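Just so it is clear, the model here is predicted, and its values are computed rather than measured.
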2 protein chains.
Amino acid sequence: MATIKDIAKIAGVSVTTVSRALNGYSDVSEKTRSRVEQVAKELKYSPNAVARTLVMNKSKTIGLLVSDLNRAGAKDMFTYEVMCGINDSVSDEDYDLILFSTNHDKQQVKTYTQLCQERQVEGVIMQGVRMNDTYLTEIMDSQIPCVLIDVELEGDSVGYVSTDNVFGAQMAVKHLVNLGHKKIGFINGHDQALVSKKRREGYEKELTSAGITIDESLIANGEFNELQAEIVARDILTKHQDITAFFCASDLMALGAMRAIQQKGLRIPEDISIVGFDDITLAQYTSPPLTTVSQDKYQMGYVAAKLLIGMLTNSDQARKTILDNQLIKRGSTAPVKR
Amino acid sequence: MATIKDIAKIAGVSVTTVSRALNGYSDVSEKTRSRVEQVAKELKYSPNAVARTLVMNKSKTIGLLVSDLNRAGAKDMFTYEVMCGINDSVSDEDYDLILFSTNHDKQQVKTYTQLCQERQVEGVIMQGVRMNDTYLTEIMDSQIPCVLIDVELEGDSVGYVSTDNVFGAQMAVKHLVNLGHKKIGFINGHDQALVSKKRREGYEKELTSAGITIDESLIANGEFNELQAEIVARDILTKHQDITAFFCASDLMALGAMRAIQQKGLRIPEDISIVGFDDITLAQYTSPPLTTVSQDKYQMGYVAAKLLIGMLTNSDQARKTILDNQLIKRGSTAPVKR
DNA sequence: TTGTATGCGTTATCAG
DNA sequence: CTGATAACGCATACAA
């Protein structure tokens, strides 16, 4: 509650002097400085960041804009882990984080720029955007620096962090191909996700280079949803009795597919091999444990924040980073029976 | 970037009028109001919450203070789910959330009051505090309304949300007792957690009422840590060959204990029954699926925020809520062999 | 080395 | 119904 005014009065100096003393300016005598600091301590003074923001036009605040922050995300801990990385990163740099959750409806009510201006955030990290979210175009038009997670869009003030989804998918499919699989189903996310495009690209690329022709009827969208994945997996299994493997664009969907497989009376990995994507915690605990492409979610968040803060301070900073993925071989994949 | 000043100039009125027109005051003619709104829209005006905070002394901001926000928490999604509840709740009421992560070290650098004052948060929700965190006493002394998650401390401006941990533990133990278990190990968290005290209380209460005497050597702290729980479980199993069940104060620790049990060549639930606490997502996927006491974490967050906002608006608001828990019976418990 | 005056964007008071 | 003015807490250009 104490302000520099209070300090000034007690210390018998002007507010200007207090301000400068506390901010470490050199043009203040050691004597007054120590006196001011003394009084500040006595009064348990702490600077009002709000007032400072107003006058400096710098809030030292970063907006964390999460699309669909909800319980559904609880199974795959993606958002949480990314957040941990961001949090560690920003506190290193003495920024604070303000959390916005958004969704399609909210985006109609308040524009991106409004959202940012109201709270005077210096920059934004956006997680979970869809390609058709209205905010995405606004971000590109806006001057406010923004780093996107898993959306590879670049602009003057827009950068991104992603993992190498094409290569990740290639590793997954190559692993299956090496095990002798030829008929490999692909359960993708949805068309609004860039990662889905990328993972499909990897899937097709690897099959092609293995001399296997793409069969559209082996591919379906599971909407990144466990249940939906189960449904489409069941459908594919019914249509293709001779399928021997699945590649799923997320572990969560792999869980759904596993259920479909097991309900058909098929065994994993003896009858059907399956590979997921993400390496969520659950992946280690399914039976059998799930082979998957691991993404370092914490690192994604950490790097995203670093990138953003870099952009905030110097403009010709690199604006994108692609992290490597890793294939984690577990029990859900095996050589094809013959 | 547009301010009310800009609007005033263009609309040909004073800033006062603009302010009142935009804030829906009645003492402004319909004509000027619509004119002002028109101009505001043209200029894509959005109010500067920072300036407003300064003058109103109300930030419409709630601090979410999380102790040890890190990857370790990724397995039990506690914090994430609580956060989702809080987020939904505060956005209902048009508050924003600012995220602070703290730990023992950080608490020495900046006091609780400083942290709050700097960002002018109106209230705080605190998750993951330990009984010996210095912030805890500061919270009690502070005037800033605060709601604690799972720490049952009450004061003039302090409330809490928790679940009925005593009863939850009792349900767990009663379930085991009903299955015929008499020698029931208890892997607790640590002494700095209130929930640990409570769960122990429930454990002892239920055993006593079943006529079973408490054996201290069957009880150990697993520090809410999977590995530590595995270690102490192994220890107890070695010392007590005739133990038939475990009650663990968290699912995460139950995972550790399960590993210890299985490594001993014992089967779950045939040889050893086990009950956890929390109902984390993983609990459904272990083999066998884990019987556990379910806490509605989302609801905890939701209620916490509601409580806090209530305290912010009227002072004689209820300050605490205890939510019910639920025993979820799964495959990890069975009648005792004889 | 220190102090005075001004402004950041908004709301509130009070007079017209 | 409207407007001039002060105030919130802080930083800074300028003056002394």
Side-chain angles (χ1 to χ4, degrees), chain A residues 1-40 43-61 96 113-122, chain B residues 1-37 39-40 43-61 94 96 113-122:
Chain A
M1 294 281 166
T3 71
I4 50 172
K5 225 183 240 171
D6 301 324
I7 299 178
K9 201 168 292 174
I10 296 179
V13 294
S14 73
V15 291
T16 312
T17 305
V18 176
S19 175
R20 278 185 303 215
L22 260 27
N23 288 309
Y25 279 58
S26 57
D27 58 352
V28 48
S29 76
E30 261 322 310
K31 202 171 134 223
T32 42
R33 155 166 292 124
S34 65
R35 169 110 187 86
V36 166
E37 280 170 350
Q38 164 77 15
V39 175
L43 263 45
K44 294 181 197 300
Y45 169 79
S46 59
N48 182 329
V50 174
R52 188 178 277 168
T53 297
L54 192 60
V55 62
M56 305 256 281
N57 214 18
K58 283 203 178 268
S59 61
K60 286 294 242 178
T61 300
D96 278 330
T113 315
Q114 281 178 336
L115 196 67
C116 294
Q117 280 183 14
E118 282 183 11
R119 290 298 183 171
Q120 300 276 97
V121 300
E122 291 187 36
Chain B
M1 295 281 165
T3 73
I4 49 171
K5 230 182 235 172
D6 301 323
I7 299 177
K9 200 169 292 174
I10 295 180
V13 293
S14 72
V15 290
T16 313
T17 305
V18 174
S19 176
R20 279 186 302 215
L22 260 26
N23 287 308
Y25 278 59
S26 57
D27 60 352
V28 46
S29 77
E30 259 325 308
K31 202 170 134 226
T32 41
R33 156 166 291 123
S34 65
R35 170 109 185 87
V36 166
E37 280 171 348
V39 175
L43 262 46
K44 295 181 196 302
Y45 168 78
S46 59
N48 184 329
V50 173
R52 187 178 279 167
T53 297
L54 191 60
V55 61
M56 304 254 283
N57 212 17
K58 283 204 175 268
S59 62
K60 285 296 242 178
T61 301
D94 218 39
D96 278 330
T113 315
Q114 279 178 334
L115 196 67
C116 293
Q117 279 183 13
E118 281 184 11
R119 290 298 181 168
Q120 300 275 101
V121 299
E122 292 186 36

Atom pair CD/CD1 of B:Glu37 and B:Ile7 - distance to nearest 0.5 Å: 10.0 Å

Sorted by position of nearest nucleotide on DNA chain C, 5' first, the leading residue of B:Ile4 and A:Gly12 is A:Gly12

What is the distance, to the nearest angstrom, from the NZ atom on A:Lys58 to the P atom on D:dT12? 12 Å

Remember a base hit wins even if backbone is also touched, and classify B:Thr32 as base, sugar-phosphate or nothing at under 4.0 Å, heavy atoms. sugar-phosphate

Need the bend value for the helix from C:dT1-D:dA16 to C:dG16-D:dC1: angle between end axes, 5 pairs each end, nearest 10°. 50°

Taking all heavy atoms of A:Ser46 and all of B:Gln117, pick out the closest pair and write down the distance. OG-OE1, 3.3 Å

Any side-chain heavy atom of B:Arg33 sitting closer than 4.5 Å to one from B:Glu30? yes

How long is the line joining CZ of A:Arg119 and P of C:dT10, in whole Å? 14 Å

Taking for each residue the nucleotide of DNA chain D bearing the nearest heavy atom, is the 5' side occupied by A:Ala2 or by B:Ser14? B:Ser14

What are the atom names and distances for every N/O pair under 3.5 Å that joins the protein to nucleotides 14-16 of chain D?
none

Nearest heavy atoms of A:Arg119 and B:Asp96, plus distance in Å: NE-OD2, 2.8 Å

On a heavy-atom basis, which atom in B:Ser29 and which in B:Thr32 lie closest, and how many Å separate them? OG-OG1, 2.7 Å

Just wondering, do A:Tyr45 and A:Val39 contact through their side chains at under 4.5 Å, heavy atoms? no

B:Asp6 CG - C:dC8 C1' separation (whole Å): 13 Å

B:Arg35 atom CZ is separated from D:dC1 atom P, nearest whole Å, by 19 Å

What pairs of nitrogen or oxygen atoms, one from the protein and one from nucleotides 5-8 of chain D, lie under 3.5 Å apart?
{"residue": "D:dC8", "atom": "O2", "partner": "B:Val55", "partner atom": "N", "Å": "3.3"}

Separation of D:dA11 atom P from A:Lys60 atom NZ, nearest Å, is 13 Å

Can you see if the side chain of A:Ser19 gets near the phosphate of D:dA11 - specifically, an N or O under 4.0 Å from OP1 or OP2? yes

Can you give each donor-acceptor pair under 3.5 Å made by side-chain atoms of residues 17-28 of chain A, sequence neighbours left out, with the distance rounded to 0.1 Å?
{"residue": "A:Thr17", "atom": "OG1", "partner": "A:Ser14", "partner atom": "OG", "Å": "3.2"}
{"residue": "A:Asn23", "atom": "ND2", "partner": "A:Ser19", "partner atom": "O", "Å": "2.8"}

Whole-Å gap separating C1' (D:dG9) and CG (A:Leu43): 15 Å

At under 4.0 Å between heavy atoms, what does B:Val50 touch on the DNA or RNA strands: base, sugar-phosphate, or nothing? nothing

Contact list for DNA chain C against residues 23-31 of chain B - heavy-atom distance below 4.0 Å: B:Asn23, B:Tyr25

Find the distance B:Asn57:CG to C:dG9:C1' and express it as a whole number of Å. 16 Å

Among pairs that include at least one residue of residues 47-60 of chain B, which meet side-chain hydrogen bond (donor to acceptor under 3.5 Å, both in side chains), considering only residues two or more places apart or in two chains? none

Nearest whole Å is fine: how far is D:dG9 P from B:Gln117 CD? 11 Å

From B:Glu118 CD over to B:Gln120 CD, what is the distance, rounded to the nearest 0.5 angstrom? 10.0 Å

Write down the atom of A:Val15, the atom of A:Lys5, and the distance for their closest heavy-atom approach. CG1-CA, 3.8 Å

